[in-house]
Structures are given as C-alpha cells and as structure tokens.
S.K.: 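Next up is a structure, given as structure tokens.
In what follows, chains carry the letters A, B, and so on, assigned in the order in which the sequence lines appear, proteins first and then strands, with residues in each chain numbered from 1.
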Amino acid sequence: MNIPYVVEEREDTGLINSKLGIWIFLASEVMLFGGLFSAYIFLRMAALPGDFERWASELSVPMATVNTVVLISSSVSMVMAWASLKMKDFSKYKMYLGITIFCSFVFLTIKYFEYSGKFAHDIYPSSNTFMAIYFTLTGLHVLHIIGGLVVMLYFYFPISHKMWDKQPEQFTNRIEVFGLYWHFVDLVWIFLFPVLYLL
Amino acid sequence: MYSNSNNHDHHEENFIQKYIFSVDHKVIGIQYGITSLLFLLFGFSLMAIMRWQLAYPGTEIPIVGFIFGEGGVLASEQYNSLGAMHGTIMIFLGIVPLAVGAFGNYLVPLQIGAVDMAFPKLNAASYWTYFVGGVIMISSFFMPEGAARSGWTSYPPLSVFENGQTIWLISMIFLITSSLLGSMNIIVTIVQLRVPGLTWMRLPLFTWAQFVTSFLLVLAFPPLEAAAVLQLMDRVAGTSFFLPSGLVMSGEIVDIAGGGSPLLWQHLFWFLAHPEVYVLILPALGIVGEILANNTRKPIWGFKSIVYSMVFLGFCSFIVWAHHMFLTGMGQAMSAFFQTTTMIISIPSVVILTSYFLSLWGGSIRFNTPMLFALAFLPMFGIGGLTGLPLGLAASDIYLHDTYYVIGHFHYVVAPGTIFALFAGIYYWFPKITGKRMSETLGKLHFWPSLIFMNGIFMPMFIQGLAGVSRRLADGGVSYAHASGVLQWNEFMSISAFCLGLSQIPFIVNIFMSLFTGEKSDRNPWKSTTIEWDAPSPPLAHVNFDSKITVHRTAYEYSVPGAKEDFIPQTES
Amino acid sequence: MSDNHDTASMQDHVRVYLMVFGALGVLTVVTVLASYLKLSTSEGIFLALIIASVKASLVLGYFMHLITERKMIIWILVMTVFFFFVMIFLPLISNIDHAGNPTQWWKVL
Ligand SMILES: [Cu+2]
C-alpha cells in the first residue's frame, strides 16, 4: 500500500498530507485552549473587582519571564534543527534538537518549583477561581510540553535515525511537522504569560 | 468478513494484524460498525427498561429485574442513570461512530478512489481510543458509585456532586480525542487523496457531508473537551468553575470557594452540542442523497445548492447554540439574536430536504429496501425539523422547554431520521462490503414495522409535551395533576418501543443469513455511478481497486439522454 | 515551503530566525516592563494583548512559515480564528445580557 503525497506535494493543493493534518490538529487545539480562555474571561468578569489581580500577584513574574525566554529559545532551536536538516547537516540537527530538549526540561523544572511553591503556601486550585484556571491552563500546557518532549526524545535517539538514512526528505518533513506543534505550544505560552501573570 | 477464522490457528499473528490491529480503513470501518451497532442495541435496551418503568411505574421489571435489587423495581436514581447513559451511549458511542467512524472510514476512501485513509495508523488509534472510551463508559455501571445520572447534558451544579460523573467525564475525554483523530484524518484524506479528475463539485454528496461533518467535529468538540476537563477539576481538585458562591445544598451552604458559573458549562457544552446535531444529521443526508439518486435513476435535483447548503449549515451551526438556553434568564437582545440565527439555519435544511423531494419528481423509482428507508427518512426528518421551530423561538420555547415535546422533536430527527438513513446505508452498501446481497423480503419485514412503531413511540410525545409533561421524571409524571389527561399514552408508547425492538430481529437475521447464504453480488449491483462501485466486492485489502481510477464526470449521471445505459459511472470517459 | 532550497537560501532563513528570536526576547522584556506602568486595567489588558499578538504573529509568520503557506491552510486558520472569537465573545455578551444590560455590553469589555 502506497499512500500518495507523503513526501511530494500534491499539485492542486501544494501540500503534503502531514502538514495539512498537523494544521487541522492545531486548529482543534486553538479551540481547546479557546474554551479555557473563554472560561478565564467568563470567571474574571464574574469575580469581585480586583480579585483576579490580587491573586495573580501571588504568582512569580521572574520565574515566568525566565520560562518565557526558555520556551522562545527552544522554539528557535527547533526551527534551527529543521533548517540544519534542510542543509543536510545531521550533527547540527542533533545539537539543536538537544538544546530544545534541554530547554523543555528547564521549563518543566521551573514550573515544578512554581507549583510546589504555591502548594507550600497552601495555594491550591480549590483556593479561588483564578488559581483554578491558572492551574488548569498551565497544567494542560505542561501536558503539551511533556507530550512534545516524548516525541523529541524519540527523534533524538538512534531508533528514528534509520529514516534519515533511507528517506531524508520524509524525516525532514516529520521534524518540520513536529516543529509546527512545538511552536504552537510556545504560542500558547506567549498568551498565557501576560494573561495569567501580568494582568 | 470474519468467516476465514478457520485458518486462524495457522496464522495466529497474521489474524491479529489483519482483523484486530489492522490499519486497513475497511477493517477499521467494520470494527467501528460492529462496535457502534452493539452500543446502539445496548442503548436501546436501557431505553426499553425506562419505558417499562414509565408505562407501569413501580412494578417489577420483567426479565432483567433482578439487576435492580429487591423486587426488581427500578429506583429513581437508577432511572436517572439509565436516562443519562441512554443519551450518552446513543449519541457518542452509537450514532456518531456509526455515521462517521464506520461509514466515513469505509466509504470515503472508496468514493474518492484512494487506497486508504491518509494516516492509517492514526485511524487505528482513533478506533482503539473510541473502544477504550466505550469500555470505560460501560464499566461505570459496575463501579461502586454507579453510572452517571446527571443527564447526557451533565448540567452543574448537580453533575459536580452527583455520583458516577467522574467516570463519565474521563470516558468523554477519550471519545472526544478519538473523534478528533478520526475527523482530522477524513479531512486530509478528502483534500489530498482524491484521484485525478475528481474535482470538488464532482465529489458525491456523502463525501461532502463527511467533509463538513469532520470540520464540525474538529472545531466544536475541543470546547467540550475543555469543559470536561474543567468539570473534572471541579469534582477531583475541588475547584469551583461551575459552582457559584453561596451554593446551598440540602439546606446548607456548600464548603467551596465559589465564584464560578453554571452557565459557563452550558455555553461550552452547547457550543459543541448544537453542531453535534449536524454531525448526526449531515452524514444521514449524504447517505440518503446517494440512495435517492441511484433509485430514482435521476441526477439529484439542485446538487450545487445542496452542497452549498451543507457548508452553510456547518458554518451557521456554530452561532445558534444558546437557543438551548432561553430559560437561563438571557435578556431579550441575545434571545432575539439566537432566535434569528436559529431561524436562518433552518433555511439550508429546508433547501436540502426540498431538493430531495424534487429529485423524486418524474423518477421511475425502484422501491428496494434502502430506498424505502431513504424515502421514510424524508418525512420523518421533516417532522423532526419542523417541530424544532417552536423550540427555536424564544416565546414558545418558554412553554415547551424540557417537556416531552423536546424529546419527541429530537428523536424524530435522530431515530426515524438518522438511524433510518444509517439502515438505508447498511442495506445499500452491504453488497460492496461483503460481496453478498441482503434479502429484500426480510428487509421489508424490517422496514414497515420499524416505521410504524417509531411513530408509535414518538408521536404521542408531542401530545404529552404540549400538555406540559416534563422530561426526566422517573414516574413519567404520575405525581403531576396536569399530566393526568395524557398519561394513558405511556403504555401505548412503551408497547410500541418493545415492538420496535422485536422488529429489529429481521435485520439481525438478515445480516447473518446474507453473510453466509446470501446471493453473490457483482461489483455494481445497484447500477450506480460513484467510484466505490468500481472496486471489487469486497474491495481488495489495502489497495481497494484493481484498476487505475480516473474521473471524467460528475457524481450522478443517471438517465443521460442518448447514453446506452441509464447510468454513466464517474470513471467512464 | 518548497523543498528546492539550496544551502545559501537556507542561511538567509537562519538569519531571519535569529532576528525573530531577538525581537521576541525584546518584546518579552517590554511586556514585563509595561506591566509596571501605572495603566488602568483595560489599558493594561489592551497593551499586553497587543504585544502578545505581535509576538504570536512573529512565531506564526516566521517559525511556522505562515507567510509563505498555502491558501488552504490560511483559510482553515481564518475560519478557526473566527469561531474562536465567536466562542469567546458570544457567551460573554449573553452573560452580560443576563444581567439585563443588553445594549451596552461593550462598555464592560
Ligand atoms: Cu441546538
């Protein structure tokens, strides 16, 4: 069985299957996070004036700023990993992917300290609707990071490299498609950061 | 399909690869089909128990009464469980997987001349996610808390405190994920894998319907997933997303942070659940379109307007949802807005239905079983749709809301509507799937009683609803004086329901009999034009077609003047 | 992106990626600093969302190659964004309408 347009683009749409697939998946992710953002606005308007701001000030802006920079770096190294493959430089690809993996570990570690800091101060999702939506949104985002991390580790270790030897183009496409997902995770954080920490 | 299990001992591994964890869209389609039909049967049995309770409140349930504890009498909580699970199973485990999972998976690649879906492994993953979700849902019956009992709509605050809901939510997350994966796959398949010459306007109606449906699933389901996560947080982590401050339960203020809103759930839920209505009906409309064109031997009247209407329907279905919420105290401005959009969305439905009726005009109709079901679909869906209008108008909805009228309305759309279309589809494509014809006699024996008893169940619901009988009452309304005049219908409806169950026996017999002893079918038993009939019956494993497919014409070229036969296949140059 | 990039044009791309990286970093600092300004809540929300949208457009446009992407994907995203806003704002407006203030919902935003 040979499914067409896995590597080469279909003429009339100009797309390969996986790229269209990932964008549709990301569209559904937009609606998933959209539902939660909608909940955020809904709850914020129902809350007493100033309540959300007061609870938001419990969060650590420096930690989140560092995390923002970490995630942006991981995004840039992801796109560099793909560009290295495009330039047929596999060792550079491994280096950049390694940086991306490292960044996501740093992100998770900082997030862990953030969460445990909150729990240490007896702040839980049940404390308040702000904390509830904070933990839900960031928790779901963290799940996306962990999911991405699993895939990246797969691409980092040799089991996946056979494909690079046999079908380098398909391998490059896979990295590009995964990169789209990873940038989207970064994108969500770009909105989560001001909405939860700064407003 | 499963008949060569005799060489099962020789190729143990092979059997599993071939029939269990297969990546072939046809096998996955059949897996979806069998699983969802079993769920439909199960959901039906739950309803039969409820109907017994409504007709003869407080008496012993026959046959299965021993499950329900002492005396075999159904407790109110158990009635609530059955109601919630009936709705959930029928919609999320029965009809959607049958219409999109089974029919979509099996037929979309065939109708566009593709070898498989775009992502075969993802396709298998989608089925198994659905399967796991289904098992979790059913397992909730055996959990100490019992099955969910807050209705399929799961409105908070009730659902946050009522037993069984946690399992329901976890299962829903699986089912939603499965739908997302499946519909993503269908969209990519339709966009990317059409054979040369198959332009958008040459796509058959069924494929068009699946295309729009998949977009609805991709964009409308995630908000419900978000809502399910929030409700899960409310139950497990003690948050108050849907719980207002100062909530009082059994006379005491509940110990929660508060600050949430039950309306938030309703918005997120109905943002999915209205498009869901079109997820249920669009594939049905697609199937009926195929069968009408084939059996009237005429091109579908107004093909393009039907396609545009489907797209418009899909688009509009995202901006009408709050017509389910007129009674939440919404002001006039927004009521007027949603009432208007609701009236607008009825236009494309009417366009499609009218086109189908006009397609019958002047046709030499072949009254075979698929056609009978498709023909019955038209007025039944018509009744369902038209009775929806009073519910979409804010003023009349205030009276009719949450009465049996609503139940009658949406069951007319889904039961004698969608399910009849799905039956039609099964009869129509059975020869393609198995290579055997189904028995016409048994088919008619299935159709006529089903049609009569469907109406026997749902027509009196309008009478009861107009008299003001509320839905979801465990005793069917005995305790309400205003219901006393119409309660005698309960027995009639219940007997109709039991008879409807019995009328499915010819169908089940027909499937097994045809499978083993049925007359062999050739490639194109109905003399149809669309591409799936160019494949052998059953289509070849993994590659479907035994010749190269190129498309030269539109989907329904029947009775073309001057042609030597009364149909010209799409592949004929 | 078409696949006939030679290494030289890829290196141009890389230069753009690094510039975008720099811009994202700067904008992150700006948005944090802006939150210390004495702005009213609605001005603060407006400013923060503007900056976030600029950052998002940079990621979408350059890292995710949307500026050179095919029409079909753009249309799918446009539709998604439309429904996204429907989902965010219609519940909000109807909720304000619950409070009996149907004609002045925008004042609350
Ligand atoms: Cu609706």
S.K.: Do C/Arg70 and A/Glu9 have side chains that approach each other closer than 4.5 Å (heavy atoms only, starting at C-beta)?
M.R.: yes

S.K.: Report which part of A/Ser75 has an atom under 4.5 Å of a heavy atom belonging to chain C: side chain, backbone, both, or neither.
M.R.: both

S.K.: Is any side-chain heavy atom of A/Leu20 closer than 4.5 Å to a side-chain heavy atom of C/Met72?
M.R.: yes

S.K.: First locate atom CG of A/Leu187, then atom OG of C/Ser57, and finally report the distance between them rounded to the nearest 0.5 Å.
M.R.: 8.5 Å

S.K.: Which answer fits A/Ile72, side chain, backbone, both or neither, if we ask what part of it has an atom under 4.5 Å from a heavy atom of chain C?
M.R.: both

S.K.: CG/A/Asp186 to NZ/C/Lys55 distance, rounded to the nearest 0.5 angstrom?
M.R.: 8.5 Å

S.K.: For A/Tyr181, does the OH atom sit with more than 12 other heavy atoms under 6.0 Å from it, leaving out its own atoms?
M.R.: yes

S.K.: Side chain, backbone, both or neither: which part of C/Leu66 has a non-hydrogen atom closer than 4.5 Å to chain A?
M.R.: side chain

S.K.: Please state whether the side chain, the backbone, both or neither of A/Tyr197 comes within less than 4.5 Å of a heavy atom of chain C.
M.R.: neither

S.K.: How about A/Trp82 and C/His65: are their ring centroids closer than 6.0 Å?
M.R.: yes

S.K.: Quick check on A/Val76 against chain C: is it the side chain, the backbone, both or neither that has a heavy atom closer than 4.5 Å?
M.R.: both

S.K.: A/Thr13, A/Asp89, A/Leu15, A/Val195: which one forms the most heavy-atom pairs within less than 4.5 Å of chain C?
M.R.: A/Leu15

S.K.: Show the nearest heavy-atom pair for residues A/Ser38 and C/Met87, with the distance to one decimal.
M.R.: OG-O, 3.5 Å

S.K.: Counting heavy atoms not belonging to A/Lys94, are there more than 12 under 6.0 Å from its NZ?
M.R.: yes

S.K.: When only pairs under 4.5 Å are counted, which of A/Leu180, A/Val69, A/Val61 shares the most heavy-atom pairs with chain C?
M.R.: A/Leu180

S.K.: Quick one: does C/Glu69's side chain get under 4.5 Å of A/Trp23's, heavy atoms only?
M.R.: yes

S.K.: Restricting to non-hydrogen atoms, name the atom on C/Ala56 and the atom on A/Phe191 that form the minimum distance, rounded to 0.1 Å.
M.R.: CB-CE1, 3.6 Å

S.K.: Is C/Ile76 close to chain A through its backbone or its side chain, or both, or neither, when contacts mean heavy atoms under 4.5 Å?
M.R.: side chain

S.K.: List the steps and the verdict of side chain to side chain contact (heavy atoms under 4.5 Å, CB included) for C/Ile45 and A/Arg44.
M.R.: CA-CA 13 Å; C/Ile45 292 176; A/Arg44 182 170 179 142; 4.2 Å; yes

S.K.: Are C/Val14 and A/Lys86 close enough, and set up right, to give a side chain to side chain contact (heavy atoms under 4.5 Å, CB included), and what steps lead you there?
M.R.: CA-CA 11 Å; C/Val14 168; A/Lys86 274 277 182 195; over 6 Å; no

S.K.: Taking all heavy atoms of C/Ala48 and all of A/Leu199, pick out the closest pair and write down the distance.
M.R.: CB-CD2, 3.7 Å

S.K.: Is there a side-chain contact between A/Phe193 and C/Val32 (heavy atoms, below 4.5 Å)?
M.R.: yes

S.K.: What distance separates C/Thr31 OG1 from A/Ile190 CD1, expressed to the nearest 0.5 Å?
M.R.: 10.5 Å

S.K.: Is atom OH of C/Tyr36 surrounded by more than 12 heavy atoms (other residues, nucleotides or ligands) closer than 6.0 Å?
M.R.: no

S.K.: Which one of C/Ile73, C/Ile88, C/Thr80 has the most heavy-atom pairs closer than 4.5 Å to chain A?
M.R.: C/Ile73

S.K.: Which bit of A/Met80 is near chain C, if near means a heavy-atom gap under 4.5 Å: side chain, backbone, both or neither?
M.R.: side chain

S.K.: Going from CH2 on A/Trp182 to CZ on C/Phe63, what distance comes out if it is rounded to the nearest 0.5 angstrom?
M.R.: 13.5 Å

S.K.: Would C/Met64 and A/Phe184 count as a side chain to side chain contact (heavy atoms under 4.5 Å, CB included) if you check the C-alpha gap in whole Å, the side-chain angles of each, and the deciding distance to 0.1 Å?
M.R.: CA-CA 8 Å; C/Met64 300 169 91; A/Phe184 176 80; 4.1 Å; yes

S.K.: Under 4.5 Å heavy-atom distance to chain C, tell me which part of A/Ser28 shows up: side chain, backbone, both or neither.
M.R.: neither

S.K.: Go through the atoms of C/Leu77 and report whether side chain, backbone, both or neither lie under 4.5 Å from a heavy atom of chain A.
M.R.: side chain

